[in-house]
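Worksheet for the structure shown next.
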There are 2 protein chains.
Amino acid sequence: MIDQRNTITRWVSLLYRYGQMYIGERLKGHGIGKGQHIFLNALYKEDGLSQEELSSYLKIDKGTTAKALKKLEAQGYVLRQVRKEDKRSYRVFLTEKAWRIKDEVRGVLTDWRHILSDGLTEEEQRLALELLEKMGGNAARFNEENDKTPKA
Amino acid sequence: MIDQRNTITRWVSLLYRYGQMYIGERLKGHGIGKGQHIFLNALYKEDGLSQEELSSYLKIDKGTTAKALKKLEAQGYVLRQVRKEDKRSYRVFLTEKAWRIKDEVRGVLTDWRHILSDGLTEEEQRLALELLEKMGGNAARFNEENDKTPKA
DNA sequence: TCAAAATAGTTGCACATGCCACTAATTACA
DNA sequence: TGTAATTAGTGGCATGTGCAACTATTTTGA
């Protein structure tokens with residue numbers, strides 16, 4: 001009668017923390033912290049996004065985004081161009097230096113996925129992603145619905 | 001050909017961060033931070049553990065454990081008794097105040113699980129836990145194996 | 001037996017993260 | 001058109017987390 005299902009939260013916590021440790025360890029040689037790789041990877045997919053777009057896509061607070069990009073800029077991995085059509089916002093571009101380590105940075109995530117997938121069938125791996133996606137979608141939706149920006 | 005599977009890490013990150021936000025929001029009225037509930041829940045399952053046992057069970061750094069328990073003690077939710085048979089270690093006990101809110105604290109996790117499970121069948125929920133467990137086990141095992149405490 | 005190694009816990013540091021208040025720019029609308 | 005509301009980004013603060021160095025105690029083994 002023990003409600004083991006509560007432990008979904010515990011496993012997620014463990015997976016997140018260990019994943020961050022792994023990524024941080026693998027990337028620290030490049031001066032990239034564990035809080036920055038997610039932005040690099042997003043930009044590898046689509047370069048030139050604004051901070052707002054990155055925040056919204058990754059569901060990460062815009063303050064956190066600003067700080068991470070500041071570090072990436074300081075390390076020479078991104079540069080920010082003010083948009084001429086809206087001077088409030090930037091377009092964030094990867095530099096040559098960032099493109100050079102693309103395979104390595106992406107490889108870190110691939111390797112971590114392989115570590116996690118040990119002993120899982122292809123079908124199980126597909127299912128794991130599908131279920132995480134559903135639960136993540138639920139979490140994001142819930143969060144949005146409860147972000148009651150009360151009018152007046 | 002886009003390797004969506006890398007995004008396992010992204011979903012885990014989202015689930016972790018949103019979960020922490022939800023838990024923190026629900027418990028802040030009791031003066032319990034999002035970093036402490038996991039220890040309360042572990043102690044509800046088994047009271048009187050040492051900090052080392054909690055750290056090892058939850059796979060959380062012993063420094064983090066020490067700080068979380070210090071806060072819980074300051075708020076009156078736990079008390080720590082030095083073991084007579086080993087004066088280096090404590091036994092951590094829940095107080096009456098902690099037992100009084102047990103259902104509420106556990107309910108937070110149950111509610112969060114329900115939010116995440118929206119639209120999932122019973123079978124999918126079972127599978128999700130099973131797969132998280134396997135991946136979490138892989139992560140923990142990997143971490144242990146690579147914790148090479150080099151002997152001399 | 002007693003010195004060295006191991007263990008439980010603490011503390012300081014670095015960093016990631018969310019929230020909030022703020023600025024500058026843009027958009028809406030009376 | 002001009003003021004109010006909205007939006008993109010920044011900076012400060014609080015908290016959570018891991019790591020490494022440290023203390024006190026216990027265990028090991030020569």
Side-chain angles (χ1 to χ4, degrees), chain A residues 13-25 27-28 31-39 49-56 58-75 78 80-92 143 147 149-152, chain B residues 13-14 16-25 27-28 31-39 49-56 58-75 78 80-92 143 146-147 149-152:
Chain A
S13 159
L14 187 153
L15 285 166
Y16 176 75
R17 291 179 295 104
Y18 278 13
Q20 291 290 90
M21 285 157 69
Y22 179 78
I23 292 164
E25 177 63 28
L27 292 179
K28 76 175 176 200
I32 300 170
K34 54 191 188 304
Q36 287 114 58
H37 88 280
I38 194 170
F39 296 98
L49 294 171
S50 69
Q51 298 189 186
E52 168 59 26
E53 287 165 328
L54 282 166
S55 282
S56 151
L58 299 171
K59 308 291 183 197
I60 284 180
D61 177 76
K62 61 182 184 167
T64 304
T65 299
K67 286 155 203 159
L69 291 176
K70 200 173 173 184
K71 290 196 182 178
L72 284 171
E73 192 171 46
Q75 296 284 331
V78 306
R80 292 184 286 178
Q81 256 175 22
V82 171
R83 283 184 206 237
K84 48 243 141 281
E85 69 272 25
D86 183 345
K87 296 199 209 69
R88 285 171 307 180
S89 66
Y90 294 115
R91 280 165 70 79
V92 182
N143 189 266
D147 177 25
T149 315
K151 57 264 348 238
Chain B
S13 159
L14 187 152
Y16 175 75
R17 291 179 296 105
Y18 279 11
Q20 291 290 90
M21 285 159 69
Y22 179 78
I23 292 165
E25 177 63 28
L27 291 180
K28 75 176 178 200
I32 299 170
K34 54 191 186 305
Q36 286 115 57
H37 88 281
I38 195 171
F39 296 98
L49 293 172
S50 69
Q51 298 188 188
E52 167 58 27
E53 286 165 330
L54 282 165
S55 282
S56 151
L58 299 172
K59 308 290 183 199
I60 285 179
D61 177 76
K62 61 183 185 166
T64 303
T65 299
K67 286 156 202 159
L69 291 176
K70 202 172 170 184
K71 289 196 182 177
L72 284 171
E73 191 171 46
Q75 297 283 333
V78 305
R80 292 184 287 177
Q81 257 176 22
V82 172
R83 283 183 207 238
K84 47 244 141 281
E85 69 274 23
D86 183 345
K87 297 199 208 69
R88 285 172 307 182
S89 67
Y90 294 115
R91 281 166 68 81
V92 182
N143 189 268
N146 287 64
D147 177 26
T149 315
K151 58 264 345 241

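First the proteins, then the strands, lettered A, B, ... as listed; each starts at 1. Because only heavy atoms are used, hydrogens play no part in the values below, and waters and symmetry mates are left out as well, while side chains stay in.
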Exercise. Reckon A:Asp86 touches a base, only the sugar-phosphate, or nothing at all at heavy-atom distances under 4.0 Å?
Worked result: sugar-phosphate

For this session: Pick out which of B:Lys84, B:Arg88, B:Arg83 makes a side-chain hydrogen bond (donor to acceptor under 3.5 Å, both in side chains) with B:Asp86.
Result: B:Arg88

Exercise. Hey, which of these two, A:Gly35 or B:Met21, hits DNA chain C nearer its 5' end, going by closest nucleotide?
Worked result: A:Gly35

Exercise. Only one of B:Glu53, B:Glu52, B:Gln51 clears side-chain contact (heavy atoms from CB on, under 4.5 Å) with B:Thr65; which?
Worked result: B:Gln51

Exercise. Which residues in residues 62-74 of chain A have at least one heavy atom lying under 4.0 Å from any atom of DNA chain C?
Worked result: A:Thr64, A:Lys67, A:Lys71

For this session: May I ask you to test the B:Arg91-B:Ser50 pair for a side-chain heavy-atom distance under 4.5 Å?
Result: no

For this session: Give the first and the last nucleotide of DNA chain C, reading 5' to 3', that has any atom under 4.0 Å from a heavy atom of chain A.
Result: C:dC15 to C:dT26

Problem set entry | Heavy-atom side-chain proximity of A:Arg80 to A:Glu73 below 4.5 angstrom | yes

Seminar exercise, completed: At a 4.0 Å cut-off to heavy atoms of chain B, the contacted part of DNA chain D spans D:dT15 to D:dT26

Exercise. Mind checking whether B:Asn143 and A:Met21 have side chains closer than 4.5 Å, heavy atoms only?
Worked result: yes

Exercise. Does A:Arg17 or A:Val92 map to a spot on DNA chain D nearer the 5' end, using the closest nucleotide for each?
Worked result: A:Val92

Exercise. Is the side chain of B:Arg17 donor-acceptor paired with the backbone N or O of A:Lys59 at a distance under 3.5 Å, no angle test?
Worked result: yes

For this session: Could you tell me whether B:Arg91 contacts a base, only the sugar-phosphate backbone, or nothing, with contacts defined as non-hydrogen atoms closer than 4.0 Å?
Result: nothing

Problem set entry | Min side-chain heavy-atom separation B:Tyr22-B:Lys34 under 4.5 Å | no

For this session: Assign A:Arg83 to base, sugar-phosphate, or nothing according to its heavy-atom contacts below 4.0 angstrom with the strands shown.
Result: nothing

Exercise. With sugar-phosphate meaning primed atoms plus P, OP1 and OP2, does B:Ser50 contact a base, only sugar-phosphate, or nothing at under 4.0 Å between heavy atoms?
Worked result: sugar-phosphate

For this session: Please work out if B:Tyr18 contacts a base, only the sugar-phosphate, or nothing of the nucleic acid, heavy-atom cut-off 4.0 Å.
Result: nothing

Exercise. Is there side-chain contact between A:Val78 and A:Val92, with at least one heavy-atom pair below 4.5 Å?
Worked result: yes

Exercise. From B:Ile60 CD1 over to B:Leu54 CG, what is the distance, rounded to the nearest 0.5 angstrom?
Worked result: 9.0 Å

Problem set entry | 4.5 Å side-chain heavy-atom contact, B:Gln75 and B:Ile32 | no

Exercise. About how many Å separate OG of B:Ser55 and CG of B:Asp61, when rounded to the nearest 0.5 Å?
Worked result: 7.0 Å

